[in-house]
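Below you'll find the structure, written out as structure tokens, and then a few comments.
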Number of protein chains: 2
Amino acid sequence: MKEILRQVMSQTIPIAQDEWEAFEPHIFTKTVKKREQLIRLGQISTEIAVIIKGSFRQYHIIEGEEKTTFFFFDNQFVCNYESILLQTPSNIVIEAMEDCELLYFKNETMQRLYRLYPKYEVFGRLIAENVYLCAMERLNTFLLNSPEGRYRKFLEHHDSQQILNRVPQHYIASYLGITPVSLSRIRARVARQARELA
Amino acid sequence: MKEILRQVMSQTIPIAQDEWEAFEPHIFTKTVKKREQLIRLGQISTEIAVIIKGSFRQYHIIEGEEKTTFFFFDNQFVCNYESILLQTPSNIVIEAMEDCELLYFKNETMQRLYRLYPKYEVFGRLIAENVYLCAMERLNTFLLNSPEGRYRKFLEHHDSQQILNRVPQHYIASYLGITPVSLSRIRARVARQARELA
DNA sequence: TGATTTTCTTATCTTAAGTTATCGTTTTGC
DNA sequence: GCAAAACGATAACTTAAGATAAGAAAATCA
């Protein structure tokens with residue numbers, strides 16, 4: 001099963017056998033039940049996980065309201081990257097939307113590998129570059145698109161089987177930076193326009 | 001003058017003498033006049049610069065409209081990081097808002113240093129982590145705040161001497177994801193509320 | 001310096017998002 | 001299996017942002 005992590009990592013940079021063997025013993029498994037919190041408010045993150053099965057959402061709590069700001073699905077890394085990098089208490093919650101199976105390792109393990117194998121340092125850089133590009137792409141949808149435009153982009157970029165049918169709509173609304181009511185109206189508008197075109 | 005770059009880099013990680021001497025000959029200077037473009041549309045970026053004096057803005061062109069999405073000021077790195085990382089043509093323009101003086105180096109120089117000195121690889125990772133954190137902070141202002149809230153945060157986080165007085169207001173509006181007219185109204189509203197409190 | 005352009009504010013009108021509430025429907029938990 | 005909770009659509013109303021235009025002030029520059 002740990003091979004899945006190796007495969008996911010290899011999408012970024014190939015890991016040689018000796019490099020893998022130094023890592024492998026420090027990988028563990030974990031299950032998280034639906035609605036359980038993987039990352040809690042105020043906790044300093046020390047672990048990085050990969051999702052074998054299931055999905056998570058990340059949310060801020062703003063004036064008592066949960067604001068969903070990210071989703072995590074199968075074969076993705078899930079962690080509070082900011083808390084790990086800065087060693088600051090988490091200002092977000094990461095919570096299972098389904099029963100989940102995870103592989104995980106300690107950040108300190110990765111820090112040790114950084115020092116022992118240059119390859120892992122490169123891996124660390126590539127990961128950071130990658131999450132930066134993702135963050136920028138998401139930021140640009142806010143800078144360059146209206147709420148309706150963001151919803152249309154969201155539809156284009158996400159397989160409806162993969163996400164739409166697995167995630168309650170009001171989480172998606174929050175993710176798009178709008179209210180559930182507003183998303184419902186946008187959906188009605190978009191559907192009406194699609195019908196008029198046909 | 002090149003020492004300024006070393007100082008800026010040292011805010012991230014200290015650079016030893018031999019590491020610096022391998023780098024120093026590959027650093028050059030450049031001046032850019034107000035309104036000149038440092039990064040052009042469609043060009044693949046190869047250079048990374050540090051601003052000694054002056055400021056830049058970054059903009060997308062969407063349906064003929066310039067959408068200002070970022071500012072760069074003194075002692076900051078300026079480049080099209082995405083274009084450099086992915087080796088894709090630039091979808092943005094970076095243009096001088098004032099007459100500017102720059103230090104710059106080729107990305108390939110940094111790539112070579114990555115291989116020669118582990119320290120530079122670490123530097124590369126830390127830079128990537130850093131720009132990620134900045135991108136997330138900016139993304140969160142969109143996810144968690146209204147336009148007025150974003151403007152208030154913008155005021156808090158930016159010295160008005162540093163930015164506000166140097167940057168035309170309609171660029172700031174664009175940066176906040178709103179129209180110039182809307183920003184003008186928000187300013188009037190905020191000022192009125194401040195007056196009522198007093 | 002005088003003309004032109006840029007910048008910002010203000011006003012009007014339109015459009016869309018926020019708020020609140022209601023009502024079926026589905027899901028969940030005992 | 002049933003009661004409670006969660007979910008999504010919709011409606012009515014409020015609020016704020018977008019579009020457009022006009023005008024004053026400031027910056028630019030020839």
Side-chain angles (χ1 to χ4, degrees), chain A residues 33-36 54-55 57 59 62-68 71 95-99 141-155 160 163-196, chain B residues 33-36 55 57 59 62-68 71 95-99 141-155 160 163-195:
Chain A
K33 286 256 168 61
K34 183 170 179 172
R35 284 181 210 283
E36 272 180 18
S55 58
R57 74 182 176 110
Y59 59 88
I62 304 292
E63 293 165 20
E65 295 253 303
E66 294 179 6
K67 298 261 190 179
T68 298
F71 300 118
E95 186 179 294
M97 293 194 291
E98 309 167 287
D99 290 350
T141 67
F142 281 87
L143 286 165
L144 307 176
N145 300 109
S146 64
E148 181 175 324
R150 288 202 292 282
Y151 176 65
R152 287 177 183 278
K153 279 238 163 123
F154 181 84
L155 284 185
S160 61
I163 304 206
L164 268 169
N165 298 347
R166 275 165 87 183
V167 179
Q169 191 168 301
H170 63 287
Y171 292 167
I172 295 175
S174 198
Y175 180 83
L176 295 172
I178 56 180
T179 62
V181 179
S182 187
L183 177 55
S184 186
R185 273 187 303 227
I186 287 171
R187 281 164 52 82
R189 206 156 63 218
V190 168
R192 177 160 36 78
Q193 286 168 7
R195 233 178 304 115
E196 279 168 12
Chain B
K33 285 255 168 61
K34 183 171 180 172
R35 285 180 210 282
E36 271 180 16
S55 58
R57 74 184 175 109
Y59 59 89
I62 304 291
E63 294 165 18
E65 295 254 301
E66 294 179 6
K67 297 262 188 177
T68 298
F71 301 116
E95 186 179 294
M97 294 194 291
E98 309 168 287
D99 290 350
T141 66
F142 281 86
L143 287 164
L144 307 175
N145 300 110
S146 63
E148 181 175 325
R150 287 202 292 282
Y151 176 65
R152 288 177 184 278
K153 278 239 161 121
F154 182 85
L155 285 184
S160 60
I163 303 206
L164 267 169
N165 298 348
R166 274 165 89 183
V167 178
Q169 190 168 302
H170 63 289
Y171 292 166
I172 295 175
S174 197
Y175 180 84
L176 296 173
I178 56 180
T179 60
V181 178
S182 188
L183 177 56
S184 186
R185 275 187 301 226
I186 287 170
R187 283 165 51 83
R189 205 156 63 218
V190 168
R192 178 159 37 79
Q193 285 169 6
R195 232 178 303 114

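Each chain gets a letter, A, B and so on, in the order its sequence line appears, and its residues count up from 1.
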Self-check item: Within-4.5 Å side-chain heavy-atom neighbours: A/Tyr171 and A/Phe71
Solution: yes
Self-check item: Sub-4.5 Å side-chain heavy-atom contact between A/Gln169 and A/Ser184
Solution: yes
Practice problem: Would you mind reading off the distance between A/Ile172 atom CD1 and D/dA6 atom P, rounded to a whole angstrom? | Solution: 19 Å
Quiz prompt | Contact pattern, 5' to 3', of nucleotides 7-22 of chain D - B, S or - by protein heavy atom under 4.0 Å | solution = SSBBBB----BBBB--
Practice problem: Take atom CG of A/Asn145 and atom P of C/dA17, then tell me their distance rounded to the nearest Å. | Solution: 13 Å
Quiz item: Starting at NZ of A/Lys34 and ending at P of D/dA6, how long is that distance when rounded to a whole Å?
Solution: 12 Å
Quiz item: For B/Tyr151 and C/dC8, what is the distance between atoms OH and C1' respectively, to the nearest whole Å?
Solution: 12 Å
Quiz item: Would a 4.5 Å heavy-atom cut-off, applied to side chains only, mark A/Ile186 and A/Pro147 as touching?
Solution: yes
Quiz item: Are any of the side-chain heavy atoms of B/Lys153 and B/Arg150 separated by less than 4.5 Å?
Solution: no
Quiz item: In whole angstroms, how far is the P atom of C/dT6 from the CE atom of B/Met97?
Solution: 17 Å
Exercise. Sequence neighbours left out, what passes side-chain hydrogen bond (donor to acceptor under 3.5 Å, both in side chains) with B/Thr68? Give chain and number order.
Key: B/Arg57
Quiz item: Over how many whole Å does the gap from A/Glu63 atom CD to C/dT19 atom C1' extend?
Solution: 15 Å
Self-check item: Rounded distance (Å) that lies between atom P of C/dG18 and atom CG of B/Leu144
Solution: 14 Å
Quiz item: Pick from B/Arg166, B/Arg35, B/Lys34, B/Lys33: which one makes a salt bridge (charged side-chain N to carboxylate O under 4.0 Å, His left out) with B/Glu98?
Solution: B/Arg166
Quiz item: Rounded to whole angstroms, how far apart are CZ on A/Arg192 and C1' on C/dA16?
Solution: 12 Å
